[in-house]
Amino acid sequence: MDGKLHPWAVTPKQAAGIQMELRHFLDLTWDERAVDLVGGIDVSVVRDTARAAVVVLGFPDLRPRGSVTAEMKTPFPYVPGLLSFREGPVILAAWEKLDWKPDLVLFDGQGTAHPRGMGIAAHMGLWLDVPTIGVAKSRLCGVAMEPGPRRGAVADLLDEADPRRVLGAVVRTKDSTHPVFVSPGHRIDLAHAVEFTLRCVASHRLPEPIRWAHHVAGGGALAPAQPG
DNA sequence: GCGACAG
DNA sequence: ATCTTGTCGC
């Protein structure tokens, strides 16, 4: 899967159709590859301009190693379920600037826990051809079971139409704090997605790659300025 | 027709 | 997402 998968300049209806087609290409298996670098991607929007940030951290030390950004006019409105058509293009532009690609990437949004199984982490996983994980701060679809109150507790995110089907995981990344919604994007399974997500969490609710990406997308620096 | 609805 | 002060909890 490389090269252009589909056009981005489409109508909302066409976008949904593209998502339906793309789901057949997803590979939800983990190949046990070595992970030395983890990436984090996020996009901020000011006025009519979107800025994407791709940050790379060492794994499992989580030390920031580098970052790149890209900007462009937002090409698509925010429509629940079609987020990748709004943020995808600028993410691809930033990704092209990376010298070394991470072995795994965490996204701020859903993976397969999406109405058509194609959340932004799954969609971009196909474009980038790299393992991706969706870590969302809130639910898009499905019925969320309640995980225990302690960090590391996990519960199922079930398909509302078929409770036997697990869409993703509701993960407590920090004690007594609202859980996050984890689902595999591409080239990984749910169990490993949850495992890597927890291993990327330091002392905050969100994984470090996503926190750094959010910070850089908002205009911040990757690391504090060195004194002297 | 009425809610729900990633970022 | 973005607009925004003080406040509560770890």
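Throughout, protein chains are lettered first and strands after them, A, B, ... in sequence-line order, and every chain is numbered starting at 1.
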| task | Kindly determine whether A:T173 and A:L206 satisfy side-chain contact (heavy atoms from CB on, under 4.5 Å), including the steps that lead there. | result | CA-CA 7 Å; A:T173 52; A:L206 297 178; over 6 Å; no
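A:L28 has its side chain within reach of A:T112: a pair of non-hydrogen atoms, C-beta onward, lies under 4.5 Å apart. At least one side-chain heavy atom of A:L126 sits less than 4.5 Å from a side-chain heavy atom of A:L22. In this structure the side chain of A:R187 reaches within 4.5 angstrom of the side chain of A:D129, judged on heavy atoms.
Here the two rings, on A:H186 and A:F25, have centers that are 6.0 Å apart or farther.
Near DNA chain B, meaning a heavy atom under 4.0 Å from it, residues 133-155 of chain A has A:A136, A:K137, A:S138, A:R139, A:L140 in order of number. Near DNA chain B, meaning a heavy atom under 4.0 Å away, the residues from residues 118-125 of chain A are A:G119, A:I120.
The footprint of chain A on DNA chain B, defined by a heavy-atom cutoff below 4.0 Å, extends from B:dA4 to B:dG7. In the 5' to 3' direction, nucleotides of DNA chain C lying under 4.0 Å from heavy atoms of chain A begin and end at C:dA1 to C:dT2.
In this structure, the salt bridge (charged side-chain N to carboxylate O under 4.0 Å, His left out) partners of A:R33, at least two apart in sequence or on a different chain, are A:D31. Every residue meeting the side chain to side chain contact (heavy atoms under 4.5 Å, CB included) condition with A:L83, not counting sequence neighbours, appears here in chain and number order: A:Y78, A:E87, A:I120. The side-chain hydrogen bond (donor to acceptor under 3.5 Å, both in side chains) test applied to A:T74 returns A:D48, not counting sequence neighbours. Under the rule for a side chain to side chain contact (heavy atoms under 4.5 Å, CB included), the partners of A:A53 that lie at least two apart in sequence or sit in another chain are A:T69, A:V216, A:A217. By the ring-ring contact (aromatic ring centres under 6.0 Å, His included) test, A:F196 is found to be paired with A:W30, A:F59, residues two or more places apart in sequence or in another chain being considered.
Sorted by first and then second residue, the salt bridge (Lys or Arg N to Asp or Glu O under 4.0 Å) pairs with a member in residues 157-181 of chain A read A:E146-A:R172, A:R150-A:D175, A:D159-A:R165, A:D162-A:R164; sequence neighbours excluded.
The SG atom of A:C200 sits 7.0 Å away from atom CD1 of A:I133, with the distance rounded to the nearest 0.5 Å.
The residue A:D42 sits close only to the backbone: its heavy atoms come under 4.0 Å of sugar-phosphate atoms, none of a base. Within the 4.0 angstrom heavy-atom criterion, only backbone atoms of the sugar-phosphate kind lie near A:S44; the bases stay farther away. Within the nucleic acid shown, A:L82 comes within 4.0 Å of at least one base atom, counting heavy atoms only.
Side-chain atoms of A:H6 and A:W127 form a donor-acceptor pair, as typed in the model, at a separation below 3.5 Å.
Here the closest heavy-atom approach between residue A:L198 and residue A:R151 is recorded as O-NH2, 3.2 Å.
Summarising the local packing, CE of A:M72 is surrounded by more than 12 heavy atoms from other residues, nucleotides or ligands at distances under 6.0 Å. Within a 6.0 Å sphere centred on NE2 of A:H214, other residues, nucleotides and ligands contribute 12 heavy atoms or fewer.
Base-pairing analysis of DNA chain C finds no stem of at least three consecutive Watson-Crick or G-U pairs with both pairing distances under 3.5 Å. Consecutive Watson-Crick or G-U pairing (both distances under 3.5 Å) never extends over three or more pairs in DNA chain B.
A side-chain donor-acceptor contact under 3.5 Å links A:R139 to the backbone of A:G142. Between the side chain of A:R65 and the backbone N or O of A:L57 there is no donor-acceptor pair closer than 3.5 Å.
Summary of the strand contacts: A:K174 and A:H214 both lie near DNA chain C, and taking for each the nucleotide with the nearest heavy atom, the more 5' one is attributed to A:H214.
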